[in-house]
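Structure first, commentary second.
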Amino acid sequence: MSPRFDFSAPAVAALAQADAARALQEDVADGDLTASLVDPGRRAHARVLAREAAVLCGAPWVEATVRQLDPQARIRWLCGEGERCAADQTVLEIEGTARALLTAERTALNFLQLLSAVATKTALYADAVRGTRASIVDTRKTLPGLRLAQKYAVRTGGGVNHRIGLYDAVLIKENHIAAAGGVAAALRAVAPAAQRAAFVEVEVETLAQLREALEAGARMVLLDNMDLPTLREAVRINAEAGEDRKAVLEISGGVTLEGLRTLADTGVDRISVGALTKDVKATDFSMRFQEG
């Protein structure tokens with residue numbers, strides 16, 4: 001089985017280094033033409049301010065970006081990773097060479113604004129289901145090349161990661177079921193791949209399919225675009241299957257923040273939300289320089 005990313009501190013630091021190097025190559029290439037007007041020996045002090053309330057996320061990426069340009073830069077966080085910051089709060093102070101800070105500014109802020117936006121939105125959804133059994137789960141609807149960073153941000157905001165990619169888990173969707181000839185047939189066919197997977201989940205659209213999935217031994221079921229009465233009945237059917245046969249139930253499709261609590265109160269285990277990583281508005285941060 002391909003290993004799932006472990007999101008340990010060393011692994012996240014290495015990921016941030018690689019992402020920052022790629023982003024700087026994209027932005028700087030063989031030199032920052034504008035920063036070249038600044039004396040290479042001049043030092044500067046910079047403050048990063050949050051322009052709106054947010055859950056701060058992206059510190060490893062900011063530090064990787066700055067230190068690839070100035071390894072000796074001094075970085076002091078005034079708001080910790082995963083903590084809530086207020087509008088107009090200074091979250092970070094950096095001291096280093098002026099050229100390096102000017103070159104790092106946009107790339108560092110791009111990481112901070114994207115990942116904080118994902119963490120903030122996730123926290124909003126996680127808060128809405130607090131006290132229920134439901135967890136908020138992400139999807140593969142991520143920015144190409146930044147999936148792991150965005151999934152890290154979901155975790156920082158209090159959410160749970162679904163599969164990382166196609167390689168680490170099985171999700172049997174409607175087209176797989178149609179091609180295989182039914183839910184039970186699809187579950188039988190996936191047995192060899194299941195040995196390499198972190199989990200096997202099957203999507204169902206009807207209660208009949210749910211019963212078929214449970215009878216075929218499914219242990220994780222995605223309830224796709226079901227209305228509330230059907231969801232409640234699905235939870236009841238699953239509970240009646242017994243402890244040794246019931247599945248983890250996940251809701252997908254048509255999930256909104258306004259209706260989230262009602263969905264969670266049906267008794268499902270997970271609610272997957274593509275909007276956590278797909279429909280995010282960047283958090284507003286700015287960097288202000290003072291000569292040091």
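Everything quoted here is computed from the prediction, not taken from an experiment. Basis for what follows: all heavy atoms, side chains included, without hydrogens, waters or symmetry-related copies.
- Using a 4.5 Å cut-off between side-chain heavy atoms of Ile, Leu, Val, Met, Phe, Trp and Tyr, with links allowed through other members, Val204 and Leu171 fall into different hydrophobic clusters.
- Membership of the apolar cluster around Val160 extends to Val137, as traced through chained side-chain contacts below 4.5 Å between ILVMFWY residues.
- Remark: Glu26 CD is loosely packed, at most 12 non-hydrogen atoms of other residues, nucleotides or ligands lying under 6.0 Å away.
- Judged by distance alone, with hydrogens and angles left aside, the side-chain atoms of Arg106 form no donor-acceptor pair with the main-chain N or O of Asp27 at under 3.5 Å.
- Using a 4.5 Å cut-off on side-chain heavy atoms (C-beta onward), Ile271 and Tyr125 make no contact.
- Atom CE in Met226 sits 12.5 Å away from atom CG in Leu263 (nearest 0.5 Å).
- Across all their heavy atoms, Thr103 and Ala35 have their closest contact at OG1-CB, 3.7 Å.
- Closest heavy-atom contact between Leu112 and Ser116: O-OG, 2.8 Å.
- Gln150 places no side-chain N or O within 3.5 Å of a backbone atom of Thr142 that could act as its donor or acceptor partner.
- Looking only at distances, a side-chain donor or acceptor of Lys151 sits under 3.5 Å from a matching main-chain atom of Arg163.
- Once rounded to the nearest 0.5 Å, the distance linking CG of Leu49 with CE of Met287 reads 10.0 Å.
- Tyr152 and Val154 fall within a single hydrophobic cluster, where Ile, Leu, Val, Met, Phe, Trp and Tyr are joined by side-chain heavy atoms under 4.5 Å apart, directly or via other members.
- With values rounded to the nearest 0.5 angstrom, Leu78 atom CG is found 6.5 Å from Thr90 atom OG1.
- Side chain of Arg261 to main chain of Arg130: a donor-acceptor pair is present (N/O by atom type, distance under 3.5 Å, no hydrogens or angles).
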Steps toward side-chain contact (heavy atoms from CB on, under 4.5 Å) verdict (Phe199, Arg219): CA-CA 9 Å; Phe199 60 82; Arg219 291 296 174 262; over 6 Å; no

In residues 173-183, what donor-acceptor pairs under 3.5 Å come from side-chain atoms, sequence neighbours left out?
from	atom 1	to	atom 2	distance (Å)
Lys173	NZ	Glu203	OE1	3.1
His176	ND1	Lys173	N	2.9

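- Follow the hydrophobic side-chain contacts under 4.5 Å out from Leu166 and you never reach Leu148; the two are in separate clusters.
- Using a 4.5 Å heavy-atom cutoff, the side chains of Ile136 and Leu260 are in contact.
- Scanning all heavy atoms of the two residues, the minimum distance from Val268 to Arg133 falls at O-CG, 3.1 Å.
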side-chain contact (heavy atoms from CB on, under 4.5 Å) between Trp61 and Thr107, intermediate numbers included: CA-CA 9 Å; Trp61 283 261; Thr107 296; over 6 Å; no

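- Listed by chain and residue number, nothing satisfies the side-chain hydrogen bond (donor to acceptor under 3.5 Å, both in side chains) test with Arg288 (two or more places apart in sequence, or in another chain).
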Working for side-chain contact (heavy atoms from CB on, under 4.5 Å), residues Val202 and Glu212: CA-CA 11 Å; Val202 59; Glu212 184 183 359; over 6 Å; no

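- In terms of modelled atom types and a separation under 3.5 Å, the side chain of Thr120 and the main chain of Val55 share a donor-acceptor contact.
- Arg147 places a side-chain N or O within 3.5 Å of a backbone atom of Ile164 that can act as its donor or acceptor partner.
- By the 4.5 Å heavy-atom criterion applied to side chains, Leu210 and Leu214 are counted as neighbours.
- In terms of heavy atoms, Asp227 sits closest to Thr230 at OD1-OG1, 2.6 Å.
- The distance from the CG atom of Leu222 to the CD atom of Glu205 is 9.5 Å, given to the nearest 0.5 Å.
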Stepwise side-chain contact (heavy atoms from CB on, under 4.5 Å) check, Val38 with Arg99: CA-CA 6 Å; Val38 178; Arg99 278 192 179 186; 4.1 Å; yes

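- Met220 is not connected to Val235 by any chain of hydrophobic side-chain contacts under 4.5 Å among Ile, Leu, Val, Met, Phe, Trp and Tyr, and they are in different clusters.
- Residues Leu143 and Thr277 form no side-chain contact, since every pair of their non-hydrogen atoms from C-beta on lies 4.5 Å or further apart.
- In terms of modelled atom types and a separation under 3.5 Å, the side chain of Asp168 and the main chain of Arg4 share no donor-acceptor contact.
- Two residues are said to be in side-chain contact when any heavy atoms from C-beta on lie closer than 4.5 Å; Glu52 and Thr283 meet this criterion.
- Side-chain atoms of Glu83 never come within 3.5 Å of backbone atoms of Cys79 as a donor-acceptor pair (strictly under, hydrogens ignored).
- The OG1 atom of Thr97 lies 12.0 Å from the CZ atom of Arg42; values are rounded to the nearest 0.5 Å.
- When hydrophobic residues (I, L, V, M, F, W, Y) are linked wherever their side-chain heavy atoms come within less than 4.5 Å, the members clustered with Leu24 are Val28, Leu69.
- With Ile75 as the fixed residue, the side chain to side chain contact (heavy atoms under 4.5 Å, CB included) test singles out one of Arg67, Glu95, Glu93: Arg67.
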Validation: residues 245-254 side-chain donor-acceptor distances under 3.5 Å, sequence neighbours left out:
from	atom 1	to	atom 2	distance (Å)
Lys246	NZ	Glu243	OE2	3.2
Glu250	OE1	His162	NE2	3.4
Glu250	OE1	Arg270	NE	3.1
Glu250	OE1	Arg270	NH2	3.4
Glu250	OE2	Ser272	OG	3.0

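- In this structure the side chain of Phe5 reaches within 4.5 angstrom of the side chain of Leu15, judged on heavy atoms.
- Considering all non-hydrogen atoms of both residues, Lys281 and Ala117 come closest at O-CB, 3.3 Å.
- Between Lys121 and Leu257 there is no side-chain heavy-atom pair separated by less than 4.5 Å.
- The minimum heavy-atom distance between Ala50 and Val91, with the atom names listed, is CB-CG1, 4.1 Å.
- The environment of CZ in Arg51 is crowded: more than 12 heavy-atom neighbours from other residues, nucleotides or ligands sit within 6.0 Å.
- A continuous path of Ile, Leu, Val, Met, Phe, Trp and Tyr side chains, each step under 4.5 Å between heavy atoms, connects Leu223 with Ile172, placing both in one hydrophobic cluster.
- Inter-residue side-chain proximity for Arg196 and Tyr167 is flagged as unmet; no heavy-atom pair is nearer than 4.5 Å.
- Phe285 pairs by the ring pair (Phe, Tyr, Trp, His ring centres under 6.0 Å) definition with nothing, not counting sequence neighbours.
- One finds the CZ atom of Phe111 at 5.0 Å from the CG atom of Asp19 (value rounded to the nearest 0.5 Å).
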